[in-house]
Amino acid sequence: MNNWQKKSPLDWETYVNKMVKVSAAEKHEYEGWVLTVDPVSASIVLAVFLENEKVSISVVMGHAVQEVQILNDGDDEMKQRLSCIFAPEESKALSSEELEKRKNDLKTWLETNHIPITEQGELGRTLCVAGVLTIDPPYGPEECSSSNEIILSRIQGLIKGYLEKQE
């Protein structure tokens, strides 16, 4: 086990949203912005911004990491760009006020139909139905997830019907 793998998740978190240079096994070097570090494998997920607003994502496996050097701290604008990389296209187009309105409208509608719903997550952005299904922004049927296929199918159908009535 190398020094990088021996670090704790709190140590790795200090690298998130920073430009780094990773020295890996066999004299490979990688540069990019740290999106996250996997707490199980210690693998580093790097993002490099290309022309035309495209992004290249690479993963450096934790066992291969020999040294990580911080080159630059990310400013607020860079942190925002990094946080939007994996966001659905629809949620990028909506402002936070529009997303909040969509969430509240859907929550009210589900409560009106006697479906137990709560908000979860540190910002309360995720809706949770009966503790078995979650709905993430922008709150459409595609953003529903559950291990129970029957509940998933029924709630997705309800949301599709609700959204069709809104149009």
(request) Under the side chain to side chain contact (heavy atoms under 4.5 Å, CB included) rule, what do Asp75 and Met78 come out as? Steps first, then yes or no, please. (result) CA-CA 5 Å; Asp75 57 11; Met78 181 53 69; 3.3 Å; yes
(message) Could you check whether any side-chain heavy atom of Val22 comes within less than 4.5 Å of a side-chain heavy atom of Leu46, counting everything from C-beta outward?
(response) yes
(message) I need the full list of side chain to side chain donor-acceptor pair (under 3.5 Å) pairs touching residues 35-49, with sequence neighbours left out, sorted by first then second residue.
(response) Asp38-Ser41, Ser41-Ser43
(message) With a sphere of 6.0 Å drawn around CD of Glu77, does it hold more than 12 non-hydrogen atoms of other residues, nucleotides or ligands?
(response) no
(request) Please step through side chain to side chain contact (heavy atoms under 4.5 Å, CB included) for the pair Asn113 and Leu158, ending with a clear verdict. (result) CA-CA 10 Å; Asn113 287 284; Leu158 285 171; over 6 Å; no
(request) Please name all residues satisfying side-chain hydrogen bond (donor to acceptor under 3.5 Å, both in side chains) with Lys79, sequence neighbours left out, ordered by chain then number. (result) none
(request) Identify the two heavy atoms, one from Val60 and one from Ala24, that lie closest to each other, and give their separation to 0.1 Å. (result) CG1-CB, 4.2 Å
(message) Donor-acceptor check, side chain of Glu143 to backbone of Ile135, threshold 3.5 angstrom: yes or no?
(response) no
(request) Would you give the length of the straight line joining atom CG of Asp105 to atom CD of Glu100, rounded to the nearest 0.5 angstrom? (result) 10.0 Å
(message) Does atom CD1 (Ile150) have a neighbourhood of more than 12 heavy atoms from anything else shown, all under 6.0 Å?
(response) no
(request) Answer yes or no: is there a side-chain heavy-atom contact under 4.5 Å between Cys144 and Ile159? (result) yes
(request) Please identify each residue that fulfils side chain to side chain contact (heavy atoms under 4.5 Å, CB included) with Ser145, with sequence neighbours left out. (result) Thr134
(message) Please determine whether residues Ile44 and Val16 belong to a single hydrophobic cluster, defined as Ile, Leu, Val, Met, Phe, Trp and Tyr linked transitively by side-chain heavy-atom distances below 4.5 Å.
(response) yes
(request) Sequence neighbours left out, what passes side-chain hydrogen bond (donor to acceptor under 3.5 Å, both in side chains) with Asn17? Give chain and number order. (result) none
(request) Compare every heavy atom of Leu35 with every heavy atom of Leu82, then report the nearest pair and how far apart it is. (result) O-CD2, 3.7 Å
(request) Would you check if Ile85 and Phe49 make a side-chain contact, meaning some heavy-atom pair closer than 4.5 Å? (result) yes
(request) Could you tell me whether a side-chain N or O of Ser153 sits under 3.5 Å from a main-chain N or O of Glu149, the two making a donor and an acceptor? (result) no
(message) How long is the straight-line distance from NZ of Lys18 back to CH2 of Trp33, given to the nearest 0.5 Å?
(response) 10.0 Å
(request) Could you name each residue pair satisfying ring pair (Phe, Tyr, Trp, His ring centres under 6.0 Å) that touches residues 110-150, not counting sequence neighbours? (result) none
(message) To the closest 0.5 Å, what do you measure between CG (Asp136) and OG1 (Thr126)?
(response) 4.0 Å
(request) Kindly give the heavy-atom pair with the smallest separation between Gly32 and Val48, and that separation in Å. (result) CA-CG2, 4.0 Å
(request) Could I get the full list of ring-ring contact (aromatic ring centres under 6.0 Å, His included) partners for Tyr15, not counting sequence neighbours? (result) Trp4
(request) Could you list the residues that satisfy side-chain hydrogen bond (donor to acceptor under 3.5 Å, both in side chains) with Asn148, not counting sequence neighbours? (result) none
(message) If you apply the rule side chain to side chain contact (heavy atoms under 4.5 Å, CB included), what do you find for Val129 with Ile115, and how did you get there?
(response) CA-CA 7 Å; Val129 176; Ile115 296 172; 3.5 Å; yes
(message) Applying a strict under-4.5 Å side-chain criterion to I, L, V, M, F, W and Y, I'd like to know whether Val20 and Val55 cluster together.
(response) no
(message) With side chain to side chain donor-acceptor pair (under 3.5 Å) as the rule and sequence neighbours excluded, what pairs involving residues 5-14 come up?
(response) Ser8-Asp11
(message) Among residues at least two apart in sequence or on other chains, which ones pass side-chain hydrogen bond (donor to acceptor under 3.5 Å, both in side chains) with Ser56?
(response) none
(request) Only pairs at least two apart or in different chains count here, so list each ring pair (Phe, Tyr, Trp, His ring centres under 6.0 Å) that has a residue in residues 55-82. (result) none
(request) With rounding to the nearest 0.5 Å, note down the distance linking CG in Leu133 to CD in Gln156. (result) 7.5 Å
(message) Assess the residue pair Val37 and Val45 against the criterion (side chain to side chain contact (heavy atoms under 4.5 Å, CB included)); give the C-alpha distance rounded to whole Å, side-chain angles, the decisive distance to 0.1 Å, and a yes or no.
(response) CA-CA 6 Å; Val37 178; Val45 180; over 6 Å; no
Determine all donor-acceptor pairs shorter than 3.5 Å in which one atom belongs to a side chain in residues 64-74; sequence neighbours excluded.
none

(message) Glu119: which residues meet the side chain to side chain contact (heavy atoms under 4.5 Å, CB included) condition with it, sequence neighbours left out?
(response) Lys103, Asn104, Lys107, Leu127
